[in-house]
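One structure is given here, and the rest of the page talks about it.
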Amino acid sequence: MKVLNNPFVVYGYKGSEYFCDRVKETEILRQALHNERNVMLSSPRRLGKTGLIHHVFEQIESQQEDVKCFYVDLMNTKTLGQLVEVFGKSVMGKLDTSPQMALRKATALFSTLRPTLKFDELTGMPEFSVSVVPGEEDYSLKKIFDYLSSSNKRCYVAFDEFQQVTSYPETTTEATLRSYIQFLPNVYFIFAGSQYHLMSDMFLSPKRPFYLAADTLTLKEIDLDEYLAFANRHFKAIGLEMQRADFEYLYQLVDGQTYYVQKILNKLYEWRLEAIDMEKVVQAVEELINLQGETFENYYMSMTENQAALLLAIARERVVKAPYAAAFLRKHVLPALSSVKMALKSLTDKQLIYKKQDGYIVYDRFFALWLRNRL
């Protein structure tokens with residue numbers, strides 16, 4: 001495994017050495033897939049959901065030769081056709097022994113996907129690209145599932161940001177996917193999403209096609225002491241150790257959200273300090289917030305007066321369980337209830353705020369700190 005210049009990974013998955021904890025969640029996902037159960041995995045963005053999926057898949061593929069894992073990111077898809085193209089590119093050729101065989105099979109199987117094969121100029125590895133014949137989206141999707149089910153391997157597929165399918169103009173997408181998925185003999189799924197209310201509606205409402213089609217797993221923050229042990233294991237490599245009180249301050253400041261904890265630890269590691277204390281933590285946070293200060297300022301100035309007032313009120317409270325409560329409106333001198341409802345919907349749609357199980361929060365923890373400190 002390649003040694004990283006900085007062990008506190010902020011983007012992507014770099015291997016188990018740099019992956020913190022999630023032992024229980026890893027085992028839950030592994031056991032569910034092994035025992036032919038699908039899983040609905042939900043968590044806010046930047047809590048480590050995608051990294052967990054890659055961690056589980058790496059472990060499975062390294063230990064089980066008869067299993068093939070596929071990660072499909074639906075974040076930027078807006079139609080069923082785009083889902084099919086992303087899905088097809090992710091799986092095409094991955095179950096074949098050579099690029100030539102893959103192309104022959106793909107051409108025969110995926111005539112409606114217009115498959116093309118090229119080789120990466122730097123790595124020499126084969127890469128497929130696909131485009132869907134208009135009007136053939138459903139049929140093309142079925143052929144991809146047929147390709148997986150015809151393999152002699154078990155296949156595990158993770159659809160990340162799965163709630164995107166609820167916004168497609170093709171209103172039958174959920175029913176179409178469910179009708180194909182339920183009869184696959186060797187393919188099992190992780191349906192991951194960052195908008196809990198949409199994901200729970202999809203899988204827990206009796207009126208929806210995916211009702212009870214998967215186990216449910218909601219990702220929580222990594223345990224503080226587990227995280228501290230992980231941090232100190234890497235800090236000790238450069239002769240440092242972080243005290244619990246200082247780490248607890250860091251952890252609580254960003255509500256234990258993995259991405260922000262990693263960003264701060266990454267900055268502290270970069271500085272190669274003689275010692276880490278609370279003052280250094282504060283300096284690291286300030287530097288990271290200042291780097292985005294202009295962006296935050298533009299976000300804030302682009303809002304209506306009502307949206308800005310509500311966002312600031314939520315940032316000050318940190319978590320707001322009842323945004324329409326009279327006490328909350330009076331405390332922060334917010335406008336009429338109808339205006340607050342409109343502002344809340346707009347901020348939620350823009351993903352500037354997020355509804356957790358215990359209330360509304362400002363999605364970006366650094367933005368929330370900027371709002372509290374600057375305004």
Ring centres of [X] and [Y] under 6.0 Å apart?
X      : Y      : value
Tyr269 : His234 : no
Phe230 : Tyr18  : no
Tyr300 : Phe367 : no

| task | Kindly state each residue pair satisfying side chain to side chain donor-acceptor pair (under 3.5 Å) with at least one member in residues 330-340, sequence neighbours excluded. | result | Glu317-Lys331, Glu317-His332
| said: His55: which residues meet the side chain to side chain contact (heavy atoms under 4.5 Å, CB included) condition with it, sequence neighbours left out? | reply: Tyr13, Ser16, Phe19, Thr26, Gln59
| message | Can you tell me if Lys356 has over 12 outside heavy atoms packed within less than 6.0 Å of its NZ? | response | yes
| Enclosure of Asn298 CG (heavy-atom neighbours >12, cutoff 6.0 Å) | yes
Going from [atom1] on [X] to [atom2] on [Y], what distance comes out if it is rounded to the nearest 0.5 angstrom?
X      : Y      : atom1 : atom2 : value
Tyr227 : Leu250 : OH    : CG    : 9.0 Å
Leu83  : Leu177 : CG    : CG    : 6.0 Å
Arg178 : Tyr211 : CZ    : OH    : 12.0 Å

| query | In this structure, which one of Tyr363, Tyr259, Tyr260 forms a side chain to side chain donor-acceptor pair (under 3.5 Å) with Arg46? | reply | Tyr260
| message | Tell me every residue that passes salt bridge (charged side-chain N to carboxylate O under 4.0 Å, His left out) with Lys267, counting only those two or more places apart in sequence or in another chain. | response | Glu270, Glu287
| request: Answer yes if the side chains of Thr77 and Gln164 hold a donor-acceptor pair under 3.5 Å, and no otherwise. | output: no
| query | Do you see a donor-acceptor pair shorter than 3.5 Å between the side chains of Ser194 and Tyr354? | reply | no
Got a salt bridge between [X] and [Y], using NZ or NE/NH1/NH2 to carboxylate O under 4.0 Å?
X      : Y      : result
Lys49  : Glu161 : yes
Glu36  : Arg154 : yes
Asp66  : Lys153 : no
Asp358 : Lys321 : no

| query | ring-ring contact (aromatic ring centres under 6.0 Å, His included) between Phe189 and Phe210: does it pass, once the steps are laid out? | reply | CA-CA 12 Å; Phe189 296 85; Phe210 276 94; 8.6 Å; no
| request: Over all heavy atoms of both residues, which pair between Tyr156 and Leu33 is shortest? Give the atoms and the distance, please. | output: OH-O, 3.5 Å
| request: Identify the heavy atoms of Ala322 and Phe328 that sit nearest to each other, and give their distance. | output: O-CB, 4.0 Å
| said: Are Val340 and Asn306 packed together at the side-chain level, in the sense that at least one heavy-atom pair is separated by less than 4.5 angstrom? | reply: no
